[in-house]
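Here is the structure we will look at.
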Amino acid sequence: MLKTPLPRSFYLRPTLLVAPDLLGRCLVRRYRNALLAGTIVEVEAYLGRRDPASHSYRGKTERNSVMFGTGGHLYVYFTYGMHFCCNVVTEEEGNGCAVLIRALEPLEGLPVMRKLRGAPAAGDDRLLTNGPAKLCQAFGIGRADNGADLAGDRIYLTRGTPVAGRTIGTSPRIGISEGKEFPFRFYIPGNRFVSRP
DNA sequence: TCTATGATCGTA
DNA sequence: ACGATCATAGAG
């Protein structure tokens, strides 16, 4: 596995090209002294000001300001009073586009992930990272990581094993009330760590 | 100030 | 199906 971070140019493309291209890539996270890693198996695209399901739909606020920055940064938000979720910002400054990472297949650092997830994931490693809030907890991602540069050395993506376009599954996005008609969820069919089949 | 609600998860 | 639990945004 190549350990060098993907270049900035990877993220500066149209979001609907980047999102499926993230499948099979590897998320690497340095957490204290541990190295955590996982393969991305499920994502959702959010298309900025023209997308009613996007946090950036109503323009820039303090909460979503990272979304309006340059691609290649991490947008972390807090929701439902208890969960963090993380997105990869795409395209150029001002567009407000991002891709939500919804599920990972753990590769390295499983013992640390089990400790961070605690009892809810006991006895089944699928429960470590098969959801956007679960994977953030397993990787120790929180408020402090909002705005992190993916070209840095704390959190970044590596090339991994890209997935051929024709084998990618699509569906409507999960948990939204508007924009349900668009198939902007992308996943690896049959992978055990996808949040919903 | 005040209030409704959410890109969710775990338990029943 | 439902409760937990609170930051955020928009209204007043």
Side-chain angles (χ1 to χ4, degrees), chain A residues 11 14-16 18-23 27 38 40-69 71 73-91 95-106 113-148 150 155 157 168-188 192-197:
Chain A
Y11 305 99
T15 306
L16 287 178
V18 177
D21 197 9
L22 283 169
L23 298 176
L27 175 68
I40 297 174
V41 300
E42 179 183 348
V43 300
E44 283 176 359
Y46 288 88
L47 304 187
R49 302 218 52 168
R50 65 197 144 121
D51 178 1
S54 174
H55 284 178
S56 53
Y57 180 56
R58 291 166 202 281
K60 188 174 176 179
T61 66
E62 192 174 339
R63 178 206 202 194
N64 66 21
S65 64
V66 170
M67 280 187 91
F68 284 91
H73 293 259
L74 200 67
Y75 167 49
V76 180
Y77 67 89
F78 184 73
T79 191
Y80 292 100
M82 60 187 91
H83 301 297
F84 289 99
C85 298
C86 71
N87 303 247
V88 170
V89 177
T90 54
E91 304 192 18
N95 285 14
C97 297
V99 179
L100 173 68
I101 302 179
R102 283 196 55 90
L104 299 170
E105 176 167 347
M113 295 184 201
R114 292 187 190 108
K115 187 163 187 177
L116 288 171
R117 287 280 295 130
D124 185 352
D125 283 344
R126 281 179 298 188
L127 300 176
L128 291 175
T129 54
N130 67 342
K134 296 177 191 177
L135 71 90
C136 280
Q137 191 180 9
F139 275 61
I141 294 171
R143 187 177 310 287
D145 304 296
N146 188 35
L150 296 175
I155 306 182
L157 300 186
I168 291 173
T170 64
S171 83
R173 294 170 290 184
I174 291 170
I176 58 170
S177 47
E178 293 189 83
K180 289 175 165 148
E181 61 272 40
F182 305 111
F184 293 160
R185 171 172 176 255
F186 304 92
Y187 60 95
I188 301 179
R192 301 181 342 111
F193 294 85
V194 168
S195 65
R196 297 164 57 158

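All values below were derived from every heavy atom in this structure, side-chain atoms included, with hydrogens, water molecules and symmetry-related copies excluded. Throughout, a chain's letter reflects where its sequence line sits, starting with A, and its residues are numbered from 1. Bear in mind that the values here come from a model prediction, so they are computed numbers and not experimental data.
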Go through the steps to decide whether Ile174(A) and Glu44(A) satisfy the test side-chain contact (heavy atoms from CB on, under 4.5 Å), and finish with yes or no.
CA-CA 9 Å; Ile174(A) 291 170; Glu44(A) 283 176 359; 3.7 Å; yes

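Asp21(A) is linked by a side chain to side chain donor-acceptor pair (under 3.5 Å) to Arg13(A), Arg25(A), counting only residues two or more places apart in sequence or in another chain.
Comparing the C1' positions of dT5(B) and dC2(C) gives a spacing of 16 Å, expressed to the nearest Å.
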Treat primed atoms plus P, OP1 and OP2 as sugar-phosphate and everything else as base, then score nucleotides 2-12 of chain B 5' to 3': B for base contact with protein heavy atoms under 4.0 Å, S for sugar-phosphate contact only, - for none.
----BBBSS--

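Relative ring orientation between Tyr80(A) and His83(A) is described as perpendicular, the plane-to-plane angle rising above 60° on a 0-90° scale split at 30° and 60°.
Under the Watson-Crick or G-U wobble criterion, with both distances below 3.5 Å, dT5(C) has no partner in any strand shown.
Remark: Arg143(A) is positioned above the aromatic ring of Phe78(A), its terminal NZ or CZ atom under 6.0 angstrom from the ring centre and at most 45 degrees off the axis.
When each of Phe68(A), Tyr46(A), Tyr77(A) is checked for a ring pair (Phe, Tyr, Trp, His ring centres under 6.0 Å) with His55(A), only Tyr77(A) meets the rule.
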